[in-house]
Amino acid sequence: MKQLIDELYINNTLSKEKILMLLNNLNEENTQYLYMKANELRLHNYNNKVYMRGLIEFTNHCKNDCVYCGIRKHNKNADRYRLSKEDIINCCKEGYRLGYRTFVLQGGEDLYFTDDKIVDIVSSIKSLFDDVAVTLSIGEKSYESYRKYYDAGADRYLLRHETNSKQLYNSLHPNMSYENRIECLYNLKKIGYQVGAGFMVGLPNQTNEDYTKDLIFLKELQPHMVGIGPFIPQKDTPLSMEQSGTVDKTCIMLSIVRLLLPKVLLPATTALGSLSNKGREKGLKAGGNVVMPNLSPTNVREKYALYDGKICTGDEAAHCRKCIENRIRSAGFEVDMSRGDHIDFSAPIV
Ligand code: 5AD
Ligand code: FES
């Protein structure tokens with residue numbers, strides 16, 4: 001297995017068959033070696049810096065019904081909320097004061113937020129602060145809508161592909177189309193966004209064959225960011241009785257993505273931190289280099305319950321920033337509060 005890891009480390013690519021072989025045969029020792037090689041590539045490209053993104057969860061209304069997700073349309077127990085433009089701007093002001101230079105606006109697919117409203121919010125944030133990046137994470141939209149947000153100043157877009165197994169995708173996403181999701185990702189790239197794709201780990205019936213497809217797909221798409229987190233059941237969803245994904249499997253996926261896409265921006269996700277106390281630290285050591293602390297107002301945090309047991313549901317933004325900074329430092333990394341663009345988007349050194 002070490003040979004396969006070395007091949008991946010040197011070439012940053014590996015055939016489908018070899019990825020599957022690696023996933024099927026990893027033992028404890030090889031896994032540690034995999035993490036070490038992933039960490040080396042991250043150090044080479046981004047040093048030991050961990051980039052901070054301020055996350056603002058601005059609506060938990062959603063027209064979709066993803067079976068794993070706590071804010072799915074059919075969850076009658078979800079306590080729905082929307083932040084006003086003023087609320088969102090205030091979160092950004094607080095975040096800016098705390099040093100954040102990237103704001104991630106995330107929400108369900110909420111038709112209340114028309115293109116005009118999103119454009120207004122994005123352009124207001126961009127005109128208020130001249131040195132911040134705005135990331136949108138609001139689901140599937142038309143090419144034209146993505147274009148409008150981009151023209152309004154949005155820099156990045158996160159849209160996890162969730163799983164590249166078409167069969168699994170269809171079983172989890174009623175009335176959605178796998179093809180459309182993939183097309184959205186290519187549209188976002190074409191427009192010029194820094195694009196984030198990604199998938200969940202440990203979904204019911206997900207196999208190593210499925211992960212292999214996810215990894216090959218990411219290599220093909222060449223996204224700038226990849227969000228990978230464990231599936232965690234949410235009590236009011238059809239998957240409430242299923243098992244969570246594991247920290248170890250998630251970290252293995254993070255490492256392989258770092259080796260396939262050495263320059264990728266790779267969050268140690270909140271879901272990973274929610275599974276175990278040291279989850280995010282493990283994710284960083286396995287090649288992750290981004291964290292996304294919560295900037296949402298404390299009174300809505302519990303309501304953005306995609307899954308159960310989410311961390312930081314009651315903490316002030318300032319508390320979160322301090323807590324996570326300490327964790328990053330004690331894991332041996334350095335906090336970086338800059339915009340933290342992907343290397344290919346950073347200003348050339350002159
Ligand atoms: N467990 C883990 N992650 C989840 N997400 C949604 N529901 C869950 C869950 N139950 C993830 C999806 C989505 C992201 C915002 O949160 O991958 O893209
Ligand atoms: Fe929110 Fe630790 S990151 S309290």
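When a ligand or atom number is given, it counts from 1 through the structure's own listing order.
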Metal proximity, His319 vs atom 1 (Fe) of ligand 2, N/O/S cut-off 2.8 Å
no

Under 3.5 Å: donor-acceptor pair, side chain of Arg53, backbone of Asn294
no

With no hydrogens and no angle check, just 3.5 Å: does a side-chain donor-acceptor pair link Tyr33 and Asp6?
yes

Measure from the side-chain N and O atoms of Glu57 to the backbone N and O of Gly107, and report whether any donor-acceptor pair falls under 3.5 Å.
no

Decide whether Glu162 and Tyr169 meet the rule of one side-chain donor and one side-chain acceptor closer than 3.5 Å.
no

Among non-hydrogen protein atoms, atom 2 (C) of ligand 1 lies closest to Pro230 O, 3.2 Å

Measure from atom 1 (Fe) of ligand 2 to each N, O or S atom of Cys323 and report whether any distance is below 2.8 Å.
no

Filtering Arg72, Glu162, Met200, Lys310 for the heavy atom nearest atom 3 (N) of ligand 1 leaves Met200

Donor-acceptor pair between Arg327 and Asn277 side chains, under 3.5 angstrom:
yes

Note: heavy atom closest to atom 15 (C) of ligand 1, options Thr269, Thr237, Asp308, Leu306, belongs to Leu306

If you scan protein heavy atoms around atom 9 (C) of ligand 1, the nearest is Ile232 O, 3.4 Å

Are Ser338 and Asp336 linked by a side-chain donor-acceptor pair shorter than 3.5 Å?
yes

I'd like to know if Lys141 and Glu109 make a salt bridge, using a cut-off of under 4.0 Å between side-chain N and carboxylate O.
no

Are any of the N or O atoms of Gln106 closer than 3.5 Å to those of ligand 1?
no

Please list the nearest protein heavy atom to atom 7 (N) of ligand 1 with its residue and the distance rounded to 0.1 Å.
Tyr68 CD1, 3.3 Å

Any heavy atom of Pro233 sitting closer than 4.0 Å to ligand 1?
no

Describe, in one word, how the ring planes of Phe199 and Tyr211 are oriented to each other, choosing from parallel (under 30°), tilted (30 to 60°) and perpendicular (over 60°).
tilted

Within the structure, is a non-hydrogen atom of Arg280 found at a distance of less than 4.0 Å from ligand 2?
yes

Using a 4.0 Å heavy-atom threshold (strictly under), name the region of Pro293 that reaches ligand 2: side chain, backbone, both or neither.
neither

Is there any N or O on Gln234 that sits under 3.5 Å from an N or O of ligand 1?
no

Atom 1 (Fe) of ligand 2 [closest protein heavy-atom partner, distance rounded to 0.1 Å]:
Cys320 SG, 2.1 Å

Decide whether an N or O pair under 3.5 Å exists between Arg160 and ligand 1.
yes

Residues Thr270 and Lys310: side-chain donor-acceptor under 3.5 angstrom
no

Show me which atoms of ligand 2 lie under 4.0 Å from any heavy atom of Asp315.
4 (S)

Tell me: protein heavy atom nearest atom 3 (S) of ligand 2, and distance?
Cys312 SG, 3.4 Å

Once the angle between the rings of Tyr304 and Tyr81 is folded into 0 to 90°, is it parallel (under 30°), tilted (30 to 60°) or perpendicular (over 60°)?
perpendicular

